[in-house]
Amino acid sequence: MADDKALTTREADFSAWYNEIVQRAELADYSPVRGSMIIRPYGYGIWENMQRALDDMFKATGHQNAYFPLFIPLSFITREAEHVEGFAKEMALVTHTRLIKDADGTLVPDPASKLDEPLVVRPTSETIIYDAFSRWVQSYRDLPLLINQWANVVRWEMRTRMFLRTSEFLWQEGHTAHATEAEAEEEATRMLGVYREFQDDWLALGVITGVKSPAEKFPGADRTYSLEALMQDNKALQCGTSHMLGQNFARQFDLKFQAESGQEEYAWNTSWGVSTRMVGGVVMTHGDDSGLVLPPRVAPIQVVIVPIYRKDEERTLVLEKAEFVANALRAERVRVHIDARDSMKPGPKYYEWERKGVPMRIEIGPRDVAAQKVMTVMRTEWTGGDRKEAMDETAAITVIPKRLEDYQRFLLKRSIERREAASHRGIDDYDAMRTIIEGDGGFVYSGWCGSEDCERKVKDELKATIRVLPSEEFRSPDQPQQCVVCGGASQAEAVWARAY
RNA sequence: CGGGACGUAGCGCAGCCCGGUAGCGCACCUGAAUGGGGUUCAGGGGGUCGCGGGUUCAAAUCCCGCCGUCCCGACCA
């Protein structure tokens, strides 16, 4: 494996730094098809840990998993006007089902096999799911219907970046139907809360939440709630969305039920999703110039043990101790890996595992075995103690799981501190906003009159958008009174930033 | 699709200007020593030089065409 020492630094070129980490931490690889990516085992392991945690949370809130088809009739997509318009420019279509040899012997689509109606490769599944729901729901007793699916989706992108924007990506999409608007609204905000908890507790991403402006909302939704994180280059990353769909899809797909009153009514829907993009968010939030930094809860390997020895006798002795410590930690549900590769010296192993973001390393050498100690080293400097610490080997078994949790909390705290340090509140002057956006970047909190023209102007001139109209928790103590763009009366506080 | 750069071994590159049959570093394989923060020595394997055509005795190198990738702009989880 080629491995030319140091990474490009974040300072020198954040984008190059990111690309190098993705490659060199073996998260993903390029594929022969532009815009699609191969997720390698280590990267997929992170995603699996995310999936497991989220799936448990979805089940705990009453949802069931199902699977809906990849192919959607084109006519379904076109039924909801705003929905088609939103996705029209990035749709992959299946139009033929056979190949045939032309005059030159080249394989081409067989004209005779052309489909009467093209099939869309799902960019999202609202249409096909609510069509199914319409057949499953007759009475208010069938509601609420709380479904989730884990799937891949395709949105044909012009410019792609590993994990952050690829033409195909993995995600989960929750889809629910409710008898009342209030219930649907409650569901949409509940799931926003679930994501928030997940991103805080598992990914250590200090996100802010809020509602999207009409221009930025999901096509077909009444309202879109979103979670936004700030990366180390001070650009925002949308980390998840939860949509209140109202009755828009229910009307188009005839999703009706008989209410308690006997009246026939359209159901109220929500949909919500998070994707493999979060892996990119974790990289850009926690990573440093030595490589990836993973929060312990989603790290495929939480502790790597590097045995140190010279002679064969030492090797046997040290590996035996390593196995013992590893098994004791595994009994505490710590994910441990012993790097017993004989062809590599300890130093290079340290660099490799640091590059891959493993939260803690344990070094065990002959001297440690004799003293019944182990040397622990955290991935980064942190506030919970010294980075390197010799521990009594029995104490280590109980201390390490706690230490990993402490480290997890440290990462969240650091992420929130960085976010707040790059958040500029009470900006009521357009030039001041310009200076920030065109300078160091970050979140700009301002007043907004609610007009799309003002929003458009900022997007055109500064390439920044309203990330969210923040939830109460994130609003500034002193609410701005005027729109930062036009000076008109402010309707709501807005958070602006350049975004991925 | 507009502007720019680049395609030579797994990765990073040199060679091209001035044509002579492919090289360096890392990685990989074998052996020995080494081993608490990027080890050393010896030996070795691996390349349709992006693709197609042209010029030439001879093309990685010169000419024409195509394809692809990356970066910058317009769309986006």
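Order of the sequence lines fixes the chain letters, A, B, ..., with proteins taken first and strands second; residue numbering starts at 1 for each chain.
- Shown here, B:rG38 forms no base pair; nothing in the strands shown gives a Watson-Crick or G-U wobble contact with both key distances under 3.5 Å.
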Contact list (N/O, under 3.5 angstrom) for nucleotides 42-49 of chain B vs protein:
none

Can you tabulate the close N/O pairs, meaning under 3.5 Å, that link protein atoms to atoms of nucleotides 67-70 of chain B?
residue : atom : partner : partner atom : Å
B:rC70  : OP2  : A:Arg34 : NH1          : 3.0

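- Within a heavy-atom distance below 4.0 Å of RNA chain B, the residues of residues 273-292 of chain A found are A:Ser275, A:Arg277.
- Within 4.0 Å (heavy atoms only), A:Lys463 reaches sugar-phosphate atoms of the nucleic acid but no base atom.
- The list of salt bridge (Lys or Arg N to Asp or Glu O under 4.0 Å) pairs with a residue in residues 119-132 of chain A, not counting sequence neighbours, reads A:Asp131-A:Arg135.
- For the P atoms, the distance linking B:rA22 with B:rG46 amounts to 13 Å, nearest Å.
- Checked by atom type, the side-chain pair A:Asp392/A:Thr394 shows a donor-acceptor distance below 3.5 Å.
- The C1' atoms of B:rU39 and B:rC17 are separated by 41 Å, rounded to the nearest whole Å.
- Between A:Thr270 and A:Thr176, the side chains place a donor N or O and an acceptor N or O closer than 3.5 Å (distance only, hydrogens not considered).
- Pair assignment for B:rA60 gives none, since no Watson-Crick or G-U wobble pairing has each distance under 3.5 Å.
- The salt bridge (Lys or Arg N to Asp or Glu O under 4.0 Å) analysis of residues 201-213 of chain A, with sequence neighbours excluded, yields the pairs A:Lys212-A:Glu228.
- In the interface, the side chain of A:Glu352 is not paired with the base of B:rG37 through any donor and acceptor atom under 3.5 Å apart.
- Under the salt bridge (Lys or Arg N to Asp or Glu O under 4.0 Å) criterion, the residue pairs touching residues 82-94 of chain A are A:Glu82-A:Lys217, with sequence neighbours excluded.
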Can you give the donor-acceptor pairs under 3.5 Å from side chains of residues 305-319 of chain A to other protein atoms, not counting sequence neighbours?
residue  : atom : partner  : partner atom : Å
A:Tyr309 : OH   : A:Arg315 : NE           : 3.4
A:Tyr309 : OH   : A:Asp342 : OD1          : 2.7
A:Glu314 : OE1  : A:Arg310 : N            : 2.7
A:Glu314 : OE1  : A:Lys311 : N            : 3.4
A:Thr316 : OG1  : A:Asp312 : O            : 2.9

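- Counting only residues at least two apart or in different chains, ring-ring contact (aromatic ring centres under 6.0 Å, His included) contacts with residues 151-176 of chain A comprise A:Tyr130-A:His175, A:Phe169-A:Trp171.
- With RNA chain B read from its 5' end, the first of the two nearest nucleotides for A:Gly86 and A:Ser15 is the one closest to A:Ser15.
- Judged by distance alone, the side chains of A:Thr241 and A:Thr224 never bring a donor and an acceptor atom under 3.5 Å apart.
- Checked against side-chain contact (heavy atoms from CB on, under 4.5 Å), A:Leu170 has the following partners two or more places apart in sequence or in another chain: A:Ile39, A:Tyr44, A:Trp47, A:Asn152, A:Thr276.
- Considering all non-hydrogen atoms of both residues, A:Val207 and A:Ala229 come closest at CG1-CB, 3.9 Å.
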Query - Letter per nucleotide, 5' to 3', of nucleotides 30-36 of chain B [B base touched, S only sugar-phosphate touched, - untouched; heavy atoms, 4.0 Å] - result: ----BBB
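- Searching all strands for a Watson-Crick or G-U wobble partner of B:rG46 with both distances below 3.5 Å returns nothing.
- Applying the salt bridge (Lys or Arg N to Asp or Glu O under 4.0 Å) rule to pairs touching residues 279-307 of chain A yields A:Arg10-A:Asp289, A:Asp288-A:Arg379, A:Arg297-A:Glu405, sequence neighbours excluded.
- Using a 4.0 Å heavy-atom criterion, one finds that A:Arg315 contacts no nucleic acid atom at all.
- Annotation for A:Trp382 and A:Asp386: closest pair NE1-O, 3.6 Å, computed over non-hydrogen atoms.
- Expressed to the nearest 0.5 Å, how far OH of A:Tyr195 lies from CE of A:Met278 amounts to 8.0 Å.
- The partner of B:rC75, taking Watson-Crick or G-U wobble pairs whose two distances both stay under 3.5 Å, does not exist in any strand shown.
- Checked against side-chain contact (heavy atoms from CB on, under 4.5 Å), A:Lys388 has the following partners two or more places apart in sequence or in another chain: A:Met375, A:Val377.
- For A:Lys388, counting side-chain heavy atoms from C-beta on, the closest listed nucleotide (B:rC75, B:rG37, B:rG38) is B:rG37.
- Within 4.0 Å of A:Glu354, counting heavy atoms only, lies at least one base atom of the nucleic acid.
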